[in-house]
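These notes are about the structure you will find just below.
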Amino acid sequence: GNSVTQMEGPVTLSEEAFLTINCTYTATGYPSLFWYVQYPGEGLQLLLKATKADDKGSNKGFEATYRKETTSFHLEKGSVQVSDSAVYFCALSSGSARQLTFGSGTQLTVLP
Amino acid sequence: EPEVTQTPSHQVTQMGQEVILRCVPISNHLYFYWYRQILGQKVEFLVSFYNNEISEKSEIFDDQFSVERPDGSNFTLKIRSTKLEDSAMYFCASSGEANYGYTFGSGTRLTVV
């Protein structure tokens, strides 16, 4: 079956630091990959996506590249801000299954 | 930007009572979903709904749960007899094309006491 393994948190960084949150997956077929963000007290928001190998998703300074050879989709940002403090979820959907399979989430706290 | 709207934002209910969680998906979306997130745990898939019927459901979605699209705009999740372990954040989502990302609502926090 499908599964997503995500770097455990919490992660605490200083403002302007470089961020990497690791995500690897197991899936049948060729999944689509997503990062969702959950700000305190809010729902899940799609941050970025990639639908085929070597695609790079990007949004708000965040990037992730779909690496089929390493089955990974690591989230990166060159310079984090306090406003990036949130929980980040890696997720996939695969084949005819329309459901999303989520990782366990990584809590990011950015200190001023 | 179009939104998925969920009501109520927080509901407290007694064990054994029925609850109905309501959602208004994005109007031109065709696929509808419910997910839940028990505090501090993963977001888990419950059910997907397409063309007025359930298209997929998880093991969590047992006979206590049902979904309905009663009027072409609302999408509801009913829990017939709530248990303490049903306490969670319930998220509704909708999508136009399923593999290109959903739009989630802001969730209903259900507390069963």
Side-chain angles (χ1 to χ4, degrees), chain A residues 1-10 23 25 27-53 55 57-60 62 64 66 73 86-107, chain B residues 1-10 21 23-26 29-51 53-61 67 88-109:
Chain A
N2 297 337
S3 68
V4 176
T5 302
Q6 201 175 323
M7 172 176 155
E8 290 195 14
C23 172
Y25 66 88
T28 54
Y30 299 96
S32 296
L33 302 173
F34 308 89
W35 278 99
Y36 281 84
V37 58
Q38 186 178 30
Y39 297 103
E42 298 186 15
L44 295 160
Q45 298 177 27
L46 178 64
L47 181 61
L48 53 84
K49 66 178 184 279
T51 57
K52 61 183 188 296
D55 268 2
S58 61
N59 186 24
K60 300 182 182 178
F62 290 90
Y66 187 141
F73 193 55
V87 181
Y88 292 81
F89 292 93
C90 186
L92 70 82
S93 67
S94 178
S96 60
R98 302 193 181 280
Q99 60 180 282
L100 285 172
T101 300
F102 282 87
S104 55
T106 301
Q107 171 78 55
Chain B
E1 189 169 332
E3 289 184 343
V4 174
T5 305
Q6 288 187 245
T7 55
S9 57
H10 191 186
L21 309 183
C23 171
V24 179
I26 292 173
H29 281 182
L30 302 175
Y31 300 91
F32 314 111
Y33 313 86
W34 284 100
Y35 285 75
R36 78 172 185 190
Q37 183 183 28
I38 295 172
L39 187 64
Q41 297 186 24
K42 282 189 182 187
V43 179
E44 302 172 294
F45 170 76
L46 292 179
V47 66
S48 61
F49 192 86
Y50 170 72
N51 201 25
E53 61 183 20
I54 291 173
S55 50
E56 291 173 297
K57 60 182 181 179
S58 71
E59 293 175 353
I60 302 167
F61 194 87
V67 289
M89 181 74 89
Y90 288 81
F91 291 107
C92 174
S94 67
S95 68
E97 294 188 43
N99 282 350
Y100 293 91
Y102 302 174
T103 301
F104 280 86
S106 55
T108 294
R109 181 168 296 285

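A note on names: the letters A, B, ... follow the listed sequences, proteins ahead of strands, and every chain is numbered from 1.
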- [ ] Sort A/V4 into side chain, backbone, both or neither according to what part of it lies under 4.5 angstrom from a heavy atom of chain B.
- [x] backbone

TODO: Please tell me if the side chains of A/L46 and B/T103 come closer than 4.5 Å, counting only heavy atoms from C-beta onward.
DONE: no

TODO: Calculate, to the nearest 0.5 Å, the distance between atoms OH and CD belonging to B/Y33 and A/Q99 respectively.
DONE: 10.0 Å

Open item on the list: Tell me whether A/Q107 at atom CD has more than 12 heavy atoms from other residues, nucleotides or ligands lying less than 6.0 Å away.
Closed with: yes

Task: Region of B/Q37 in contact with chain A, defined by heavy-atom distances below 4.5 Å - done: side chain

- [ ] Determine whether B/F91 and A/Q38 make a side-chain contact, defined as any pair of heavy atoms from C-beta on separated by less than 4.5 Å.
- [x] yes

Task: Atom of B/F45, atom of A/L100 and distance for their closest heavy-atom approach - done: CB-O, 4.2 Å

TODO: Hey, could you give me the OG1/CD distance between A/T101 and B/E44, rounded to the nearest 0.5 Å?
DONE: 11.0 Å

Task: Which portion of B/Y35 sits near chain A, non-hydrogen atoms under 4.5 angstrom - done: side chain

Open item on the list: Measuring only between side-chain heavy atoms, which start at C-beta, is A/F34 closer than 4.5 Å to B/Y102?
Closed with: no

Task: Validation row: B/S106, A/E42 side chains within 4.5 angstrom (heavy atoms) - done: no

